[in-house]
Amino acid sequence: MRILIRVAAAAMIAGLYLGLVWAPEDAILGQVQRIFYPHVATAWNAYLAFTVVLVGSIAYLRTRNEAWDRLAASSAEIGVVFTTLVLLTGPIWARAVWGVWWTWDPRLTTTLILWFIYVGYLVLRAAIDQPDRRARIAAVFGIIGFIDVPIVHFSVTWWRTIHPSVIRPGKLDLEPAMLVALLVNVAAFTLLYAVLVACRTRLERVSAAVAALRERLRSA
Amino acid sequence: MVRFARKVGLIAFRELQAEARTKEAFVAMLVFALLVAVVFSFALNPGREAREEIFPGLLWVTFFFAGLLGLGRSFAGDRGFEPLGGLLLAPVDRAAIFFGKAAANLVLVGIVELAALPVFSAFFDIRLPLSDGRLWASLVLGTLGFILGGTFMAALAANARAAELLLPLLLFPVLVPVVIAAVQTTGGVLARALTEELAFGYRILVVYTVVFLAAPWLLFEYLLES
Amino acid sequence: MLAAGAVSKRIGSRWILHRVSLSVPDGQVLGLFGPNGAGKTTLLRILALLARPTEGQVVLRPAGHGERLLEGPALRAHLGFLGHESYLDPRLTARENLSFYARLYDVPQSDRRVDELLDQVGLALFAHEPVRTFSRGMVQRLAMARTFLHRPSLLFLDEPLSGLDAQGAVVFEALLGEARAARASAVLVSHDVAAGWRLADRVAVLAGGELVLEGPASEIGPDRVQAEYRARAQSAERSRAAWSASHGRSA
């Protein structure tokens with residue numbers, strides 16, 4: 001755990017340095033392009049986090065092991081935080097490049113709906129007191145919400161499309177140095193995600209243990 | 001399969017029979033839908049062109065919100081009576097309970113929509129191409145997707161405190177594909193768009209409906225455990 | 001026959017039931033007694049497959065079905081459950097409510113069976129009145145009719161006598177007697193030890209989620225049951241008080 005935190009911290013510092021200082025300035029977009037590194041890194045990790053929610057949810061319903069529920073809940077919380085960061089860093093870039101804070105392009109819109117779905121997941125959890133019921137119902141929502149995302153994306157894409165696509169299949173429009181900065185940032189944020197999930201699940205585990213202990217004291 | 005359909009029918013019939021006695025949900029939904037039409041007219045006061053542009057969105061938003069009033073009651077045990085318990089004990093599949101409730105909701109919301117449609121048409125002076133099958137395809141598929149997703153989410157929310165407050169919060173993000181595709185296809189038909197332009201929208205509605213026809217088989221029983 | 005093997009139920013970090021084992025042979029009634037909060041209703045719901053145990057298992061074998069293990073809807077067709085909720089729709093009439101369940105359970109000659117039961121529970125005159133206008137006792141009678149409608153061979157009865165007058169209690173006894181004669185097994189939860197004991201072949205006492213006493217009713221009299229559960233209730237009260245005191249607040 002200690003080691004993981006140290007490695008993650010080092011990677012974050014390296015990522016910031018590479019992204020904000022070391023990588024060359026974008027010829028057209030200028031300095032503001034640098035927000036691209038943390039933006040893409042958090043977006044990638046938000047998707048990772050929500051995939052983990054799906055895995056945790058399915059595994060919980062199959063095994064009824066609370067550890068899976070704690071993993072799903074922790075991951076959803078961190079995913080919402082990351083998605084919030086994506087939705088905050090995106091407009092900063094958009095304002096400079098497109099001249100508007102917000103535009104209803106498919107990727108933005110899907111991300112916004114994604115945010116709503118998982119905020120709903122957290123609100124749902126908060127509205128159920130009984131732990132096993134909370135785990136079971138949240139798991140069902142975690143699965144349905146995830147299945148829904150691609151359909152949302154298709155419908156939004158059909159609705160309209162103007163977002164720049166940097167990564168197209170088979171072709172990468174990036175300077176090698178920029179690519180290095182991006183990859184280091186993605187790795188750093190993935191480590192950050194791992195650290196946060198580890199901390200958050202441990203917190204959940206400990207508070208469940210405290211509740212069990214209090215119960216034992218009461219019935220003894 | 002015949003047995004399953006018969007039980008679905010029985011459950012749906014009982015829901016509708018009970019609703020027919022009091023007409024509580026039906027009257028509330030219908031009056032609400034009409035009221036929304038009036039309120040929108042006051043609030044937006046649209047001119048001719050704007051009317052045509054906002055009409056499909058307005059229509060569907062009204063249907064969704066009116067339908068929400070009825071959906072919220074599907075699994076809520078009010079008046080000291082628990083509507084689900086007896087069904088859970090009975091020799092029927094959990095999925096039959098879902099489809100029975102969904103069928104009843106579909107009939108109820110369908111009637112409200114049919115009643116509200118001519119009123120909306122008159123209020124906003126929009127001529128509906130009633131002989132155009134594409135309009136009906138849009139209305140039917142949109143309503144079906146809404147009811148299937150909505151009934152599922154109502155059962156889910158019923159497990160939580162303040163289920164009625166929670167339902168729209170959980171349902172609408174998940175309902176986005178239906179909102180987009182239903183409004184766009186209805187609007188497209190009204191604007192005499194080519195079928196090819198709308199095909200993708202219909203496809204989204206079909207996919208959504210299929211997903212929410214399949215989901216109850218896998219997941220609905222988890223919502224009913226205790 | 002119905003049986004529970006080491007059934008435990010945990011809700012959150014609280015154990016509501018702890019390794020409860022019991023079995024009821026065909027044609028017998030088990031009287032289940034215990035103080036409030038002992039876990040009686042939870043146990044009954046687990047036995048009736050309405051809740052799943054955290055650990056342990058439940059075995060249900062409807063009489064006349066040999067060794068073949070039924071499950072799902074096929075098994076539920078043999079269960080009869082009378083709980084705190086009536087499971088009746090207040091907007092529909094007594095007859096409509098019963099007819100619905102009769103069809104749902106595929107009861108043969110459902111109309112005749114519904115009339116017969118309405119008559120038996122003394123609601124024939126009110127058959128076409130909506131349940132919403134019924135008194136509590138009438139609702140309980142109708143719930144009784146609903147429970148016995150499909151001639152279940154596994155019965156779960158949670159405080160079946162609550163809200164019933166003397167007449168209603170007689171009707172209940174008759175229905176239970178009929179079922180017993182047809183070799184049904186039943187679990188009857190009651191806080192009224194004297195009334196429950198009279199109907200039981202075996203008795204069990206549940207306290208603090210554990211089975212503390214079990215045996216044939218002929219050996220364990222109502223006084224013994226009463227004494228057992230009073231003692232348990234007091235000790236539970238004491239430990240609760242002690243816990244509260246140690247935490248400096250009232251329970």
Side-chain angles (χ1 to χ4, degrees), chain A residues 50 54 57-64 69 76 80 83 104 106 108-161, chain B residues 57 75 142 145 148-150 152-153 155-185 187-188 197-212 214-216 218-226:
Chain A
F50 296 142
L54 174 77
S57 298
I58 294 173
Y60 175 79
L61 290 179
R62 294 193 83 99
T63 63
R64 303 288 169 143
D69 177 56
V80 166
T83 313
W104 292 98
L108 264 68
T109 312
T110 304
T111 307
L112 181 63
I113 301 303
L114 198 65
W115 186 82
F116 274 118
I117 289 176
Y118 287 93
V119 166
Y121 176 92
L122 297 180
V123 174
L124 175 67
R125 292 191 71 94
I128 307 176
D129 293 326
Q130 209 176 299
D132 52 340
R133 169 177 292 208
R134 177 170 60 222
R136 176 162 46 82
I137 301 303
V140 173
F141 189 75
I143 295 170
I144 286 287
F146 192 88
I147 293 172
D148 198 54
V149 171
I151 314 179
V152 168
H153 187 71
F154 283 133
S155 61
V156 173
T157 308
W158 178 61
W159 190 43
R160 61 186 49 161
T161 179
Chain B
F75 294 92
L148 288 171
F152 191 90
M153 285 299 165
L156 194 143
N159 283 283
R161 272 181 279 119
E164 304 224 348
L165 292 179
L166 203 58
L167 178 57
L169 214 74
L170 299 178
L171 177 57
F172 280 117
V174 176
L175 200 66
V176 163
V178 177
V179 175
I180 290 176
V183 172
Q184 295 305 313
T185 50
E197 289 177 68
L198 304 178
F200 199 77
Y202 286 109
R203 214 170 303 157
I204 288 168
L205 290 176
V206 170
V207 167
Y208 193 90
T209 301
V210 169
V211 166
F212 275 91
L218 298 171
L219 294 172
F220 192 62
E221 58 179 311
Y222 295 118
L223 301 180
L224 302 181
E225 269 176 35
S226 67

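Chain letters run A, B, ... following the sequence lines, proteins first, then strands; residues in each count from 1. Quick caveat: nothing in here was measured; it's all calculated off a predicted structure.
Contact count against chain A (heavy-atom pairs under 4.5 Å) is highest for B:P177 among B:P177, B:A215, B:G201, B:A181. When A:F116, A:Y121, A:F141 are compared by the number of non-hydrogen pairs under 4.5 Å with chain B, A:F141 comes out ahead. Contact count against chain B (heavy-atom pairs under 4.5 Å) is highest for A:I128 among A:D132, A:I143, A:I128. For chain B, the option among A:L112, A:I147, A:V149, A:D129 with the highest count of heavy-atom pairs below 4.5 Å is A:D129.
A heavy-atom distance below 4.5 Å is found between the side chains of A:W158 and B:Q184. Using a 4.5 Å heavy-atom threshold, the side chains of B:L219 and A:L61 count as touching. Between A:I144 and B:L156 there is no side-chain heavy-atom pair separated by less than 4.5 Å. Two residues are said to be in side-chain contact when any heavy atoms from C-beta on lie closer than 4.5 Å; A:I137 and B:Y222 fail this criterion.
Of the atoms belonging to B:E197, it is backbone heavy atoms, and not side-chain ones, that fall under 4.5 Å from chain A. For a residue to count as touching a neighbouring chain, one of its non-hydrogen atoms must lie under 4.5 Å from one of that chain's; by this rule B:V174 touches chain A with backbone and side chain alike. Only the side chain of B:F152 comes within contact range of chain A, judged by heavy atoms closer than 4.5 Å. Contact of A:A139 with chain B is not made at all, since no heavy-atom distance falls under 4.5 Å. For B:F212, the part lying near chain A is the side chain, with the backbone staying farther off; criterion is any non-hydrogen pair under 4.5 Å. With a 4.5 Å cut-off on non-hydrogen atoms, B:A162 does not touch chain A at all.
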Applying side chain to side chain contact (heavy atoms under 4.5 Å, CB included), run through B:Y208 and A:D148 and close with a yes or a no. CA-CA 8 Å; B:Y208 193 90; A:D148 198 54; 3.4 Å; yes
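Here the shortest heavy-atom pairing between A:S155 and B:I204 reads CA-CD1, 3.3 Å. Of all heavy-atom pairs spanning A:V152 and B:P173, the tightest one is CG2-O, 4.2 Å.
Taking the six-membered ring for Trp and thresholds of 30 and 60 degrees, A:F154 and B:F200 have ring planes more than 60 degrees apart, a perpendicular arrangement.
Going from atom CZ of A:R134 over to atom CG of B:N159 covers 13.0 Å, rounded to the nearest 0.5 Å.
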